[in-house]
Structure formats: C-alpha cells, structure tokens
Amino acid sequence: MKIFINDIRLRARHGVLAQERVVGGDFLVSVVVETEQEQAAETDNLADTVNYALIADVVRQEMGQPSQLLEHVCGRICRRLLSEFPSLCNATVRITKENPPIIGLQCAGSGVELSMAT
C-alpha cells in the first residue's frame, strides 16, 4: 500500500548561498511511503496504517533545520520516516524550491527526489 502527501507548502532556510539561509524561501515537499500493511483497508482503524499527519510532522521538523543541499534534507526525511515507522519498506521524498536563485532562469521550481528502502 502506498500512502502519500502532495505538495506540503513550507517556508524554509535551505540553500548554498548564505542569503538563502537568512531570508528563506518557499518549498513544496511531497512524500510517498510504502507499507505491506493493508489491514486498514478492511478494519477502518487508524492503528492499522501509517498516520499521514505524523508523516507531515516529520517533514515540518526536518525542513525547519537549515541545510545547504536539498539532497541532505531529503536524506534526513527519508531516514527518519523509515526509522520512526517500522512498518514502512520504502520512502520517497521530493523537495521543490519554488524560486531558485539562478540568474536568467524562469521556471516553476528546481529540486531533488530521493527514495530509500529498508
């Protein structure tokens, strides 16, 4: 079973440039986790699945710790999800920086996607 949250919008202080870590920027974070637990499809019981509100809490906490590289942030989020939710067998995190500070570049965002398995 896959559980996902798309485009959590956050303000965070990630970037190679010192100014990015001072001023901050707007980010979108999407998470897909996989579990072999499928009891919730039958039981309708939150205890039989992974609570995506708790997944969102992990994302918010890790995004609150400034890093130079989005790769590092993705890695922290994936490792923490796999550690805190033992029923997970895979975690994929995608982070998009909405306005990357690249001279002359107009785009909807740039970012990183990382998958980790147990």
Side-chain angles (χ1 to χ4, degrees):
M1 177 176 293
K2 290 184 181 182
I3 298 166
F4 64 90
I5 305 174
N6 286 330
D7 295 338
I8 302 168
R9 185 173 298 279
L10 299 162
R11 184 101 179 143
R13 298 169 191 257
H14 306 302
V16 173
L17 303 175
Q19 184 69 6
E20 293 179 280
R21 290 187 308 279
V22 172
V23 174
D26 296 320
F27 294 85
L28 298 173
V29 182
S30 294
V31 177
V32 178
V33 295
E34 294 181 55
T35 179
E36 293 181 9
Q37 287 183 313
E38 295 183 0
Q39 298 93 318
E42 297 294 325
T43 66
D44 196 30
N45 187 335
L46 182 59
D48 291 332
T49 191
V50 179
N51 184 335
Y52 54 80
L54 298 178
I55 292 170
D57 287 342
V58 168
V59 169
R60 282 192 286 264
Q61 290 167 16
E62 292 300 328
M63 287 294 289
Q65 296 180 33
S67 290
Q68 289 187 64
L69 301 177
L70 295 181
E71 291 87 342
H72 186 251
V73 183
C74 274
R76 283 199 328 256
I77 294 170
C78 283
R79 283 188 295 277
R80 187 155 166 213
L81 290 171
L82 292 171
S83 172
E84 290 192 18
F85 305 100
S87 67
L88 296 182
C89 55
N90 188 50
T92 300
V93 175
R94 179 183 180 103
I95 301 176
T96 302
K97 182 181 289 191
E98 289 196 297
N99 297 300
I102 302 171
I103 295 172
L105 179 68
Q106 294 182 9
C107 67
S110 63
V112 173
E113 180 174 298
L114 176 68
S115 293
M116 288 186 177
T118 56

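Every value quoted in this text rests on a predicted model; they were computed, and no experiment measured them. Along the sequence shown, residues carry numbers from 1.
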(message) I need the N99 CG to S110 OG distance, nearest 0.5 Å.
(response) 9.5 Å
(request) Could you pull out the closest heavy-atom pair between A40 and N45, with the gap in Å? (result) CB-O, 4.1 Å
(message) Which residues pass the side-chain contact (heavy atoms from CB on, under 4.5 Å) test with L10, not counting sequence neighbours?
(response) I8, V29, V59, R60, M63
Quiz: residues 68-75 side-chain donor-acceptor pairs under 3.5 angstrom, not counting sequence neighbours:
{"from": "H72", "atom 1": "ND1", "to": "S67", "atom 2": "OG", "distance (Å)": "3.1"}
{"from": "H72", "atom 1": "ND1", "to": "R76", "atom 2": "NH1", "distance (Å)": "3.1"}

(message) Which Ile, Leu, Val, Met, Phe, Trp or Tyr residues join F4 in one cluster when any pair of side-chain heavy atoms under 4.5 Å counts as a link?
(response) V32
(message) Can you list everything that forms a side chain to side chain donor-acceptor pair (under 3.5 Å) with E84? Sequence neighbours excluded, please.
(response) R80
(message) Using every non-hydrogen atom in the two residues, find where G24 and R13 come nearest and quote the distance to one decimal.
(response) CA-CG, 3.9 Å
(request) Output the rest of the hydrophobic cluster of L105: all Ile, Leu, Val, Met, Phe, Trp and Tyr residues reachable through side-chain heavy-atom contacts under 4.5 Å, sorted by chain and number. (result) I102
(message) Run the side chain to side chain donor-acceptor pair (under 3.5 Å) test against T118 and tell me which residues pass, sequence neighbours left out.
(response) none
(request) For residues 31-55, pull every pair meeting salt bridge (charged side-chain N to carboxylate O under 4.0 Å, His left out), keeping only residues two or more places apart or in separate chains. (result) none
(message) So, using side-chain contact (heavy atoms from CB on, under 4.5 Å) as the criterion, who are the partners of S87 when residues are at least two apart?
(response) T35, Q37, V50
(request) Please report the shortest heavy-atom distance between C107 and P100, naming the atom on each side. (result) SG-CG, 3.8 Å
(message) Can you pull out every ring-ring contact (aromatic ring centres under 6.0 Å, His included) where at least one residue sits in residues 5-29? Sequence neighbours excluded, please.
(response) H14-F27
(request) Kindly state each residue pair satisfying ring-ring contact (aromatic ring centres under 6.0 Å, His included) with at least one member in residues 40-62, sequence neighbours excluded. (result) none
(message) Could you measure the distance from the CG atom of L81 to the CG atom of L88? Nearest 0.5 Å is fine.
(response) 7.0 Å
(message) Measuring only between side-chain heavy atoms, which start at C-beta, is V23 closer than 4.5 Å to R11?
(response) yes
(request) Would you give the length of the straight line joining atom OG1 of T96 to atom CG of D7, rounded to the nearest 0.5 angstrom? (result) 7.0 Å
(request) Give the minimum heavy-atom separation between I77 and V58, together with the two atoms involved. (result) O-CG1, 4.5 Å
(message) Going by salt bridge (charged side-chain N to carboxylate O under 4.0 Å, His left out), name the pairs with one or both residues in residues 102-112, residues two or more places apart or in two chains.
(response) none
(request) Tell me whether V93 is reachable from L28 by hopping between hydrophobic residues (I, L, V, M, F, W, Y) whose side-chain heavy atoms are closer than 4.5 Å. (result) no
(message) Strictly by salt bridge (charged side-chain N to carboxylate O under 4.0 Å, His left out), give each pair with a member in residues 88-97 just once, sequence neighbours left out.
(response) E20-K97, R94-E113
